[in-house]
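Only a predicted model underlies this, so the values are computations on that prediction, with no experimental measurement involved. Here is how names work: the chains are called A, B, and so on, in the same order as the sequence lines, proteins then strands, and each is numbered from 1. Reckoned from all heavy atoms, side chains included, excluding hydrogens, waters and symmetry mates.
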Amino acid sequence: MSRQYVTTAIDYPNAPKPHMGQILEKVLADVVARWFRLRGDEVRFQIGSDEHGVKIQRTAEKEGISPKEMVDRNVPNFADLYRRVNISYDEPDGFIRTTDQKRHWPTVIELWKKLAQAGTLEKRTYTGLYCQGCERFLTKRDIVDGKCPIHNSVPEKISEENWFFLLGKESKWLKELLTKKKNGYRIVPDSRANETLSLIEQGLEDVSFSRPKTSLGWGIPVPDDPDQVMYVWCDALTNYISGLGFFTANERREFWDEAEVTHVIGKDIARFHALIWPAMLKHAGVRTPDRLLIHGFLTSDGQKMSKTIGNVVDPEEVLKRFTGNPDPLRFYLSHEIPVGNDGDFSWKRIEELYDSKLRNQLGNLLNRVLVLLKKESAFNVPDTQPDSERASEGWKKYSESMDSFELHLGISQAMELVETLNQGIDHIKPWTLKGVEKLEVLCRFAESLRHVALKMLPFVPSTAQDISRQLGVPYAEKMLDRDFVITPELREWGSQKAWKAVGEPKILFPPLEK
RNA sequence: CGCGGGGUGGAGCAGCCCGGUAGCUCGCCAGGCUCAUAACCUGGAGGUCGCAGGUUCAAAUCCUGUCCCCGCAACCA
């Protein structure tokens, strides 16, 4: 058994509630965290919010409230929606806020001091071309014909004092760290690693770590330099260790030093997590993380989600469509989008998938087995060699997929089993059989469904439990407990000797209203 | 020469890393079954896997070239 620490990116609560991309990330992380728990690991799962910065400041201004008021209003909506999507982050301390002066700030300030002591911070006068519209300095690459291509305006030349983090000299060991096979910082999936490595090849630049208070007021002050405020990197990335109380009296270092650390993030911020973050940790004397799990982006009906196009999908609406049940959405995101790939969300597709896979194939299968079985007077799963071999091979394949983060293969394997079972029923025609033969056949189907439910558990937890309840398996009530483990015994064919009867069949997934 | 992703039956996607029966969902046609949520099962039509070369006994998969599409990243203008 090992210890796991799973994190997601912390959300920017500029909007009143999470968008689909953020849901995708949380679901991915949640499936991973759940799988770790189910295989017997000790897991800490942390999410949070990144609440500083000019954009927050500005949005709040527009609304005529203080930044603090705005984030205090928005952040609970994030936590609330994630709870309703069944994201199993640790309660109560698995949600870290960067405005939390008790939990977050002390670590950040201490980390800054350590970086300063290590000589990796340097104050410079930065002169650059600043675009008022973008509210940031533009790089040579951004500028087209001397103008900001987004705002079509000529940027101003502005000089300001910035603390810089000297990332430029870290290329060599970073490359080693990211490519070595053992004890490195592994990027998953592989295809996403090349992208980052090619960034190193292009040469790393030092990064701005602070802004003058006058241009960035809403943030953590730089220690011993009251005129400067920390820019996003030192503040936001640090959440991963501030949540563990690093550099304070109540450190929980065992979840870092003696754990496997997995950061789940989107491809847009891969570079910061792959480069700046490990460099910061190195100079602060903290070991580097183990894994960076990168997901792609979501389009809507094949197009970029955009307010202008009007194709933005609100996760809330998706929940509502399925009467608050998060599982169709969780299933969609896990089944349709291989980890790391970009994916598409479409209403047509999710409804299609709901009907064909969840309702017709899975729900209907459970129903037909239970209806036949409840007419029988006994229940007993026959222990046969071929069945038990099939089961153990199936579990082996499934675990391999899950352990290597090929999650869509994991859930597909469960669904393939469902398909096989539907075929089997039609082939065997249990309703034409009698006596012991009939009973045995039906019990074998029920047992197979027990395995299906276990395999679906990381993806659609409440559905998996519901199936198990209807089947009447003895452990059904415990399945959603944090310490529930899919033990070797549970994976074994016919291991549930205490299972003596099935429950009442109920409709698992009702037809959608038009 | 910025970087990355992609082009697979009518639509949407998987398979490519680690070559060897081209798979899934929807749609279409025909049949079966009647345990089940008008669900389930079987068969069929439809693909020269963008194009051109190369490697190989064998290429959707590896290599080279080439054409085309889409992003540069998240609700903010």
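- Within residues 343-377 of chain A, the residues approached by RNA chain B to less than 4.0 Å at the level of any non-hydrogen atom are A:Arg349, A:Glu352, A:Ser356, A:Lys357, A:Arg359, A:Asn360, A:Gln361, A:Gly363, A:Asn364, A:Asn367, A:Arg368, A:Val371, A:Leu372, in residue-number order.
- Not a single side chain to side chain donor-acceptor pair (under 3.5 Å) links A:Asn341 to another residue, sequence neighbours left out.
- With sequence neighbours left out, A:Arg271 forms a salt bridge (Lys or Arg N to Asp or Glu O under 4.0 Å) with no residue at all.
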Check: protein-nucleotides 28-32 of chain B nitrogen or oxygen pairs below 3.5 Å:
unit_1 : atom_1 : unit_2   : atom_2 : d
B:G32  : N2     : A:Asp426 : OD2    : 3.3

Using atom names, set out every protein N or O paired with an N or O of nucleotides 19-22 of chain B below 3.5 Å, distance rounded to 0.1 Å.
none

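- Contacts between residues 65-86 of chain A and RNA chain B, defined by a heavy-atom separation under 4.0 Å, are absent.
- A search for side chain to side chain contact (heavy atoms under 4.5 Å, CB included) contacts involving A:Arg469 returns A:Gln465, A:Ala476, A:Glu477, not counting sequence neighbours.
- Under the side chain to side chain donor-acceptor pair (under 3.5 Å) criterion, A:Asp403 pairs with A:Trp35, A:Arg39, not counting sequence neighbours.
- Within residues 402-425 of chain A, the residues having any heavy atom under 4.0 Å from RNA chain B are, by residue number, A:Asn422, A:Gln423.
- Legend: salt bridge (Lys or Arg N to Asp or Glu O under 4.0 Å) pairs involving residues 422-436 of chain A, not counting sequence neighbours, sorted by first then second residue: A:Arg368-A:Asp426.
- Not a single salt bridge (Lys or Arg N to Asp or Glu O under 4.0 Å) links A:Asp268 to another residue, sequence neighbours left out.
- A:Glu260 pairs by the salt bridge (Lys or Arg N to Asp or Glu O under 4.0 Å) definition with A:Arg291, not counting sequence neighbours.
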